[in-house]
Amino acid sequence: MLVLACAGLAAVVAAGGVLAWDGGFYFFLTLQEARPITMHHRVGLWPMTRLLLAGSEFTENVPQLAVLFGSALALVPLLALAASLASLKGDKAWLRIW
């Protein structure tokens, strides 16, 4: 299951899906302001925007920066899925509903 999630998120990152909807707004506003952006008190985005700003010190190539930002955003659900699968090993495997 984790492999399928990785493959799906990798396809979205490679296709530039991070630039759709709110992701594009955060991406370009962060680059324009050159500081982490906090909209609606969403400080959870700070690590990803800081990584984006660090990457922008090395390159100005927008597609490369989009892959970097998208990869950072994709790690959040992957790590959550990995943690949930790890917690459901052994005698707790019956709790899986998928």
Side-chain angles (χ1 to χ4, degrees):
M1 174 167 307
L2 196 58
V3 174
L4 290 174
C6 286
L9 287 171
V12 170
V13 168
V18 72
L19 298 180
W21 298 291
D22 288 349
F25 176 74
Y26 287 119
F27 178 80
F28 289 110
L29 190 60
T30 300
L31 289 178
Q32 183 178 3
E33 296 289 324
R35 63 179 176 86
I37 303 300
T38 304
M39 301 294 287
H40 310 291
H41 306 289
R42 293 180 184 168
V43 295
L45 288 173
W46 276 14
M48 285 68 85
T49 56
R50 287 193 185 277
L51 184 62
L52 173 62
L53 290 173
S56 70
E57 295 291 325
F58 297 103
T59 184
E60 293 180 357
N61 189 335
V62 172
Q64 288 178 351
L65 290 172
V67 168
L68 177 69
F69 187 59
S71 299
L73 286 175
L75 279 178
V76 174
L78 281 180
L79 292 176
L81 179 62
S84 67
L85 289 176
S87 69
L88 294 177
K89 283 187 177 177
D91 60 342
K92 298 178 192 171
W94 62 272
L95 291 173
R96 292 186 192 173
I97 59 172
W98 58 85

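Note that the structure is a prediction, hence the values are computed from the model and not measured.
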**Student:** Are V67 and V12 grouped together when hydrophobic residues (ILVMFWY) are joined by side-chain heavy atoms under 4.5 angstrom apart?
**Tutor:** no
**Student:** Looking at every non-hydrogen atom in both residues, tell me the closest pair between S56 and L31 and how far apart they are.
**Tutor:** CB-CD2, 3.8 Å
**Student:** Which heavy atom in L51 sits nearest to a heavy atom in A72, and how many Å separate them?
**Tutor:** CD2-CB, 3.7 Å
**Student:** With rounding to the nearest 0.5 Å, note down the distance linking CG in L29 to CE in M39.
**Tutor:** 6.5 Å
**Student:** What's the separation between atom OG1 in T30 and atom CG in L65, rounded to the nearest 0.5 Å?
**Tutor:** 11.0 Å
**Student:** Quick one, L19 and F69 - any side-chain contact, counting heavy atoms below 4.5 Å?
**Tutor:** no
**Student:** Are the side chains of M48 and V76 in contact, using a 4.5 Å heavy-atom criterion?
**Tutor:** yes
**Student:** Does any part of the side chain of L9, heavy atoms only, come nearer than 4.5 Å to the side chain of L73, both counted from C-beta?
**Tutor:** no
**Student:** Report yes if some heavy atom in the side chain of S84 is under 4.5 Å from a heavy atom in the side chain of L81; otherwise report no.
**Tutor:** yes
**Student:** With a 4.5 Å limit on heavy-atom distance, are the side chains of F25 and I37 in contact?
**Tutor:** no
**Student:** Which residues satisfy the salt bridge (charged side-chain N to carboxylate O under 4.0 Å, His left out) test with R35, sequence neighbours excluded?
**Tutor:** E33
**Student:** Under the ring pair (Phe, Tyr, Trp, His ring centres under 6.0 Å) rule, collect the residues that match up with Y26, sequence neighbours excluded.
**Tutor:** none
**Student:** Heavy-atom distance under 4.5 Å between the side chains of P36 and L45, does that happen here?
**Tutor:** no
**Student:** Can you give me the closest heavy-atom contact between N61 and P63, atom names plus distance?
**Tutor:** OD1-CD, 2.6 Å
**Student:** Atom CG of L53 and atom CH2 of W46: how far apart are they, to the nearest 0.5 Å?
**Tutor:** 12.0 Å
**Student:** CG of L75 to SG of C6: how many Å apart, nearest 0.5 Å?
**Tutor:** 9.0 Å
